[in-house]
2 protein chains.
Amino acid sequence: MLYQKTKSSTTNYDCSACILGHICVASDLNNTELNKINNLKHEKIQIKKKEKLLISHQQTIYGVRYGSLKIQIEKPTIFNKIVEFCLPGELIGLNNLHNEKHEFSVIALENSELCIINIQHLDHISQDRPYLQKQFREIMSKEITKSHYMLSILSLTSSKKRVIAFLLNMSSKYEKLGYSSNNFILKMSRKEIGNFLGITLETVSRILNQLMKEKMILIKNRNVILKNKEQLKNQLLNQ
Amino acid sequence: MLYQKTKSSTTNYDCSACILGHICVASDLNNTELNKINNLKHEKIQIKKKEKLLISHQQTIYGVRYGSLKIQIEKPTIFNKIVEFCLPGELIGLNNLHNEKHEFSVIALENSELCIINIQHLDHISQDRPYLQKQFREIMSKEITKSHYMLSILSLTSSKKRVIAFLLNMSSKYEKLGYSSNNFILKMSRKEIGNFLGITLETVSRILNQLMKEKMILIKNRNVILKNKEQLKNQLLNQ
DNA sequence: CGAGCATTTGACCCCGATCAAGTGCCGTGG
DNA sequence: CCACGGCACTTGATCGGGGTCAAATGCTCG
């Protein structure tokens, strides 16, 4: 189940042709600029559902082309804590651009494809393009903000609020991708949601069904419909 | 109590003369390089104990020169969640280098001094110094790693583990500064620790006293002595 | 179609939140 | 310098949310 990079099928492709260009590293670039960085050719990698990619080397980040994945910390002290779920357009490995020991892994929740971005290569082409550096810094900064937001969610005492925050978070992720923000399919299990939120899978299940009884959502298996997003948001405000 | 930047006393000073040079943005630079960036003059700011600095503009980061501070998210939905305690040599504002709305504040736990680093200025001088960009990226990446570590702590179900992780975390911070890692003074209240860890102040108090009874620590008011760090670390591993 | 995982649901119980009361500590002002 | 007010901290009692264990049912994929 462990996926070695060397075993994987990789292909060169052109950044300017990437369907994710507008939300990826190359975002905010106009066509002229996009053509300029055509020389940023890089590989892509396919990961099948449930396969695991152990991240060890520090010179690479990954952009999700399609699919969905979970990022989990690999530590003896901490039982495989999931810190993030990633959808297309998101970057993986921003937490790994330094020398301190820090192991984590990427596991595909469905068949997925990542593009492999060599950070030195990115450095090279951004040397005379300061806006690229700025843009990359902004992406990293947003990542920190996201983590802080998650920290605040995990401090919300009630499990109900955690689950609601999770649903709204997934909703906004799908919205960003241009999909319906009220009607989506969860790619992860109740157990994985629980891991992510710091609660048990039974509690996740109970709360989802409670929210359904309260007519705020509809949930059948992993199909979610948010019936009343405003009411959900209000729940986060209460006391 | 709200501290306006315009009201504050600021002074220009020279980066190469900063006592924090070796752990600040200029870290890993040799003396020759340090001289090169002498033109990175910038201001410093003094914040008195309990004073608050609201961060709004996105072009600035702050380096702690001395003192200690807490960083908290300002959101209507979340009651002033503390996401970090900062000691000298740490950077503040890395989560704010993007355009998305994101308010947070810095509150001094004791009289402190920050140096104000204009990010555009930093950009300017690092344009022909790629290693500076790389270094800054590494610092940001570490910040993400730290947040992920905190996320995993907040998922540790037991409050006891949270408190132990907090103590070990503070210990390593003081160690990095060259102070004793087994004997330090907490600058924050039980309430603030509880906020940070997502538990109540009463629970913090009870657990600290429990750890004392178990002879792993000594604590009197805010003076902490770690008597058996190995045992503390083992507590995190158990089941 | 069947094995094994995912999910639901119930019962029980414990950890930690909440409320409350008392003590300690610190800074300010008389 | 002392007295006082208010915050910080401790400690106790109670209670409920959510963890744990268990069993049944539902899905999914080989």
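Within every chain, numbering begins at 1; the chains are lettered A, B, ... in the order of the sequence lines, protein sequences first and strands thereafter.
Evaluation of the salt bridge (charged side-chain N to carboxylate O under 4.0 Å, His left out) rule for Lys70(B) yields Glu192(B) as partners, not counting sequence neighbours. For Asn221(A), the side-chain contact (heavy atoms from CB on, under 4.5 Å) test picks out Asn223(A), with sequence neighbours left out. Among residues two or more places apart in sequence or in another chain, the side chain to side chain donor-acceptor pair (under 3.5 Å) test is passed with Gln231(B) by Asn228(B). Considering only residues two or more places apart in sequence or on other chains, Ser158(A) meets the side-chain contact (heavy atoms from CB on, under 4.5 Å) condition with Lys160(A), Lys161(A). Scored by the side-chain contact (heavy atoms from CB on, under 4.5 Å) test, Glu103(A) finds Glu74(A) as partners (sequence neighbours excluded). Remark: His98(A) engages no residue in a ring pair (Phe, Tyr, Trp, His ring centres under 6.0 Å) (not counting sequence neighbours). The ring pair (Phe, Tyr, Trp, His ring centres under 6.0 Å) search around Phe184(A) returns Tyr174(A), not counting sequence neighbours.
The CE-C1' distance, from Met212(A) to dT9(C), rounds to 13 Å in whole Å. Per the geometry, CG belonging to Asn223(B) stands 13 Å off C1' belonging to dC25(C), to the nearest Å. For the pair Ile199(A) CD1 and dG16(D) P, the computed distance is 21 Å after rounding to whole Å. Remark: P of dG19(D) and NZ of Lys160(B) are 20 Å apart, rounded to the nearest angstrom. Following rounding to the nearest Å, Arg162(B) (CZ) and dC15(C) (P) show an atom-to-atom distance of 15 Å. Whole-Å rounding puts the Lys48(A) NZ to dC29(D) P distance at 15 Å. The separation between Leu156(A) atom CG and dA17(C) atom C1' is 15 Å, rounded to whole Å. Distance Gln210(A) CD to dT8(C) P: 13 Å, rounded to the nearest Å.
A close approach under 4.0 Å does occur between a side-chain nitrogen or oxygen of Lys49(A) and OP1 or OP2 of dC29(D).
Across all strands, Thr200(B) comes closer than 4.0 Å to base atoms (heavy-atom distances).
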Set out, line by line, the N/O atom pairs under 3.5 Å between protein and nucleotides 7-12 of chain D.
| residue | atom | partner | partner atom | Å |
| --- | --- | --- | --- | --- |
| dA8(D) | O3' | Arg222(B) | NH2 | 3.4 |
| dC9(D) | OP1 | Arg222(B) | NE | 2.9 |
| dC9(D) | OP1 | Arg222(B) | NH2 | 3.3 |
| dC9(D) | OP2 | Arg190(B) | N | 2.8 |
| dT10(D) | OP1 | Arg190(B) | NH2 | 3.3 |
| dT10(D) | OP2 | Arg190(B) | NE | 3.0 |
| dT10(D) | OP2 | Ser205(B) | OG | 2.5 |
| dT10(D) | O5' | Ser205(B) | OG | 3.1 |
| dT11(D) | OP2 | Asn209(B) | ND2 | 3.3 |
| dG12(D) | N7 | Arg206(B) | NH1 | 3.0 |
| dG12(D) | O6 | Arg206(B) | NH2 | 3.3 |

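For the helix from dC1(C)-dG30(D) to dG30(C)-dC1(D), the angle separating the two terminal helix axes comes to 50°, with each axis derived from five pairs and the value rounded to 10°.
Applying side-chain contact (heavy atoms from CB on, under 4.5 Å) to Phe196(B) and the options Leu154(B), Ile82(B), Ile71(B) leaves one that passes, Ile82(B).
Closest non-hydrogen pair, Ser141(A) versus Asn96(B), comes out as OG-N, 3.2 Å.
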